[in-house]
Amino acid sequence: MINLCFHGIGTPPDGVPAEEASYWIGIDTFRRVLDLVAGRRDVRISFDDGNASDVTVALPDLRERGLVAEFFVIAGRLEDSGSLSADDLRRLRLAGMGVGSHGMHHRVWRRLGPTEQHEELVVARRRLEEILDEPVDTAACPLGRYDHTTLAALRRLQYTRVYTSDRALARPGAWRQARFSLRAHDTADDVAGWLRHGDRRTTRLADTARTFVKGLR
């Protein structure tokens with residue numbers, strides 16, 4: 001399985017931090033990638049951060065191609081300018097899309113104290129659940145960073161699937177799912193290369209070993 005992760009689509013609005021702006025891709029590139037993966041059962045699509053472009057750009061293009069995706073939302077940014085609203089989350093769910101947690105403040109979950117970890121893993125999820133009136137049981141680690149303590153806490157809180165940004169292949173039913181995050185300089189041709197990445201057995205074995213070791217840190 002290859003998990004593709006998008007962030008913002010189009011031109012980043014004013015105020016987007018430079019680190020996040022580097023993950024925004026052009027609309028044409030986004031559509032070319034969707035055309036490339038449409039109909040492939042070995043590709044999952046997700047979005048991080050909860051940018052407004054998730055509903056203004058991504059949702060119509062996904063529906064046009066009969067694709068579904070999961071949207072990982074920063075709960076603390078809901079209703080902010082340039083971010084999703086509560087009504088947007090409901091709209092995504094009505095369209096058959098998944099909604100998961102990306103924490104409260106887009107801070108790295110590694111080495112958080114008990115209070116900060118509770119806010120990121122419990123309070124943020126609870127806010128999404130109150131809006132959607134249903135359980136939220138998937139999460140994506142902000143900036144893709146995690147350690148064994150983070151993973152243990154997510155398991156203890158009964159998250160059913162956790163996504164990272166390890167640029168590696170993932171087993172379809174695995175609890176931890178590595179993803180390939182697109183950056184501003186990536187192209188549809190780059191994505192085509194990632195898809196070929198999954199055709200090589202030695203690469204699959206190396207990815208499995210690398211992500212296993214990373215989870216022990």
Side-chain angles (χ1 to χ4, degrees), residues 3-9 12-13 15-25 44-54 58 69-86 88-89 92 97-129 131-132 136-168 170 174-184 186 210-211 214-217:
N3 293 300
L4 297 180
C5 177
F6 300 97
H7 293 74
I9 310 299
V16 173
E19 184 175 38
E20 294 182 29
S22 68
Y23 284 88
W24 282 64
I25 66 170
R44 285 196 188 109
I45 299 170
S46 60
F47 294 78
D48 280 2
D49 298 350
N51 292 300
S53 62
D54 289 353
E70 189 152 14
F71 293 80
F72 294 99
V73 179
I74 300 171
R77 292 186 184 176
L78 287 171
E79 311 296 343
D80 287 356
S81 176
S83 296
L84 296 175
S85 67
D88 290 331
L89 295 191
L92 289 170
M97 306 297 161
V99 173
S101 178
H102 203 39
M104 184 65 76
H105 299 298
H106 205 234
R107 54 187 169 190
V108 176
W109 289 348
R110 295 180 63 186
R111 303 185 179 91
L112 289 178
T115 300
E116 291 82 6
Q117 186 182 84
H118 180 78
E119 184 179 31
E120 293 292 327
L121 305 188
V122 177
V123 178
R125 174 168 69 173
R126 188 178 299 149
R127 181 174 297 182
L128 301 180
E129 291 177 334
I131 291 170
L132 297 173
V136 170
D137 57 11
T138 58
C141 301
L143 306 179
R145 300 174 193 169
Y146 59 94
D147 55 18
H148 72 279
T149 302
T150 304
L151 298 179
L154 289 162
R155 284 190 182 276
R156 185 173 64 252
L157 292 167
Q158 299 183 335
Y159 281 89
T160 60
R161 183 168 287 164
V162 173
Y163 290 83
T164 69
S165 299
D166 288 324
R167 285 208 168 201
W175 179 77
R176 180 162 39 121
Q177 293 283 313
R179 295 182 297 176
F180 289 78
S181 288
L182 279 83
R183 293 177 178 265
D186 289 322
R210 176 164 56 88
T211 54
K214 188 173 178 180
L216 298 177
R217 296 180 308 175

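Position 1 is the first residue of the sequence, and the numbers go up from there.
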Review point. Are any non-hydrogen side-chain atoms of Val73 and Asp54 less than 4.5 angstrom apart?
Key: no
Exercise for review: Keeping the roles fixed (side chain from Arg179, backbone from Leu4), state whether a donor-acceptor pair exists under 3.5 Å.
Suggested key: no
Exercise for review: Please report the closest heavy-atom contact between Ala178 and Thr164, naming both atoms and the distance.
Suggested key: CA-OG1, 3.4 Å
Point to revise | Donor-acceptor under 3.5 Å (Arg176 side chain, Leu151 main chain) | key: no
Practice item. Could you tell me which residues satisfy side chain to side chain contact (heavy atoms under 4.5 Å, CB included) with Glu79, sequence neighbours excluded, listed by chain and number? Key: Ser85, Ala86
Review point. Who are the side chain to side chain contact (heavy atoms under 4.5 Å, CB included) partners of Ala21, not counting sequence neighbours?
Key: Pro12, Val16
Review point. Per the side chain to side chain contact (heavy atoms under 4.5 Å, CB included) rule, which among Asn51, Leu92, Val99 passes with Leu84?
Key: Leu92
Exercise for review: With side-chain contact (heavy atoms from CB on, under 4.5 Å) as the test, would you mind laying out the steps for Arg44 and Gln177 before giving the verdict?
Suggested key: CA-CA 10 Å; Arg44 285 196 188 109; Gln177 293 283 313; 2.8 Å; yes
Review point. Parallel, tilted or perpendicular: which fits the ring planes of Phe72 and Tyr163, with parallel below 30° and perpendicular above 60°?
Key: tilted
Check your understanding: Step by step, would you call Met104 with Arg127 a side-chain contact (heavy atoms from CB on, under 4.5 Å)?
Key -> CA-CA 9 Å; Met104 184 65 76; Arg127 181 174 297 182; 3.9 Å; yes
Point to revise | Flag, side chain of Trp24 to backbone of Pro13, donor-acceptor distance under 3.5 Å | key: no
Practice item. Measure the shortest side-chain to side-chain distance between Val162 and Cys141 over non-hydrogen atoms and say whether it is less than 4.5 angstrom. Key: yes
Review point. Are Asp186 and Arg167 within salt-bridge range, i.e. N to O under 4.0 Å?
Key: yes
Study note, to complete from the structure: Closest non-hydrogen contact found for Ser181 with Ser165 is OG-OG, 3.4 Å
Check your understanding: Which pair of heavy atoms, one from Leu121 and one from Ala153, lies closest together, and at what distance?
Key -> CD1-CB, 3.8 Å
Review point. So, does Tyr23 use its side chain to make a donor-acceptor pair with the main chain of Cys5 at under 3.5 Å?
Key: no
Review point. Do His118 and Val123 have side-chain heavy atoms sitting under 4.5 Å apart?
Key: yes
Exercise for review: Determine the minimum heavy-atom distance between Gly100 and Val136, stating which atoms define it.
Suggested key: CA-CG1, 3.9 Å
Point to revise | Qualifying residues under side chain to side chain contact (heavy atoms under 4.5 Å, CB included), relative to Ala184, sequence neighbours excluded | key: none
Practice item. Could you tell me whether the side chain of Asp48 and the main chain of His7 form a donor-acceptor pair under 3.5 Å? Key: no
Review point. Between Thr150 (side chain) and Trp109 (backbone), is there a donor-acceptor pair under 3.5 Å?
Key: yes
Point to revise | Asp49: partners by side chain to side chain donor-acceptor pair (under 3.5 Å), with sequence neighbours left out | key: His102, His106
Check your understanding: Under the side chain to side chain contact (heavy atoms under 4.5 Å, CB included) test, which residues partner Asp137, sequence neighbours left out?
Key -> Thr160
Revision key, fill the gap. Hits for salt bridge (charged side-chain N to carboxylate O under 4.0 Å, His left out) against Arg107, two or more places apart or cross-chain, chain-then-number order -> Glu119, Glu120
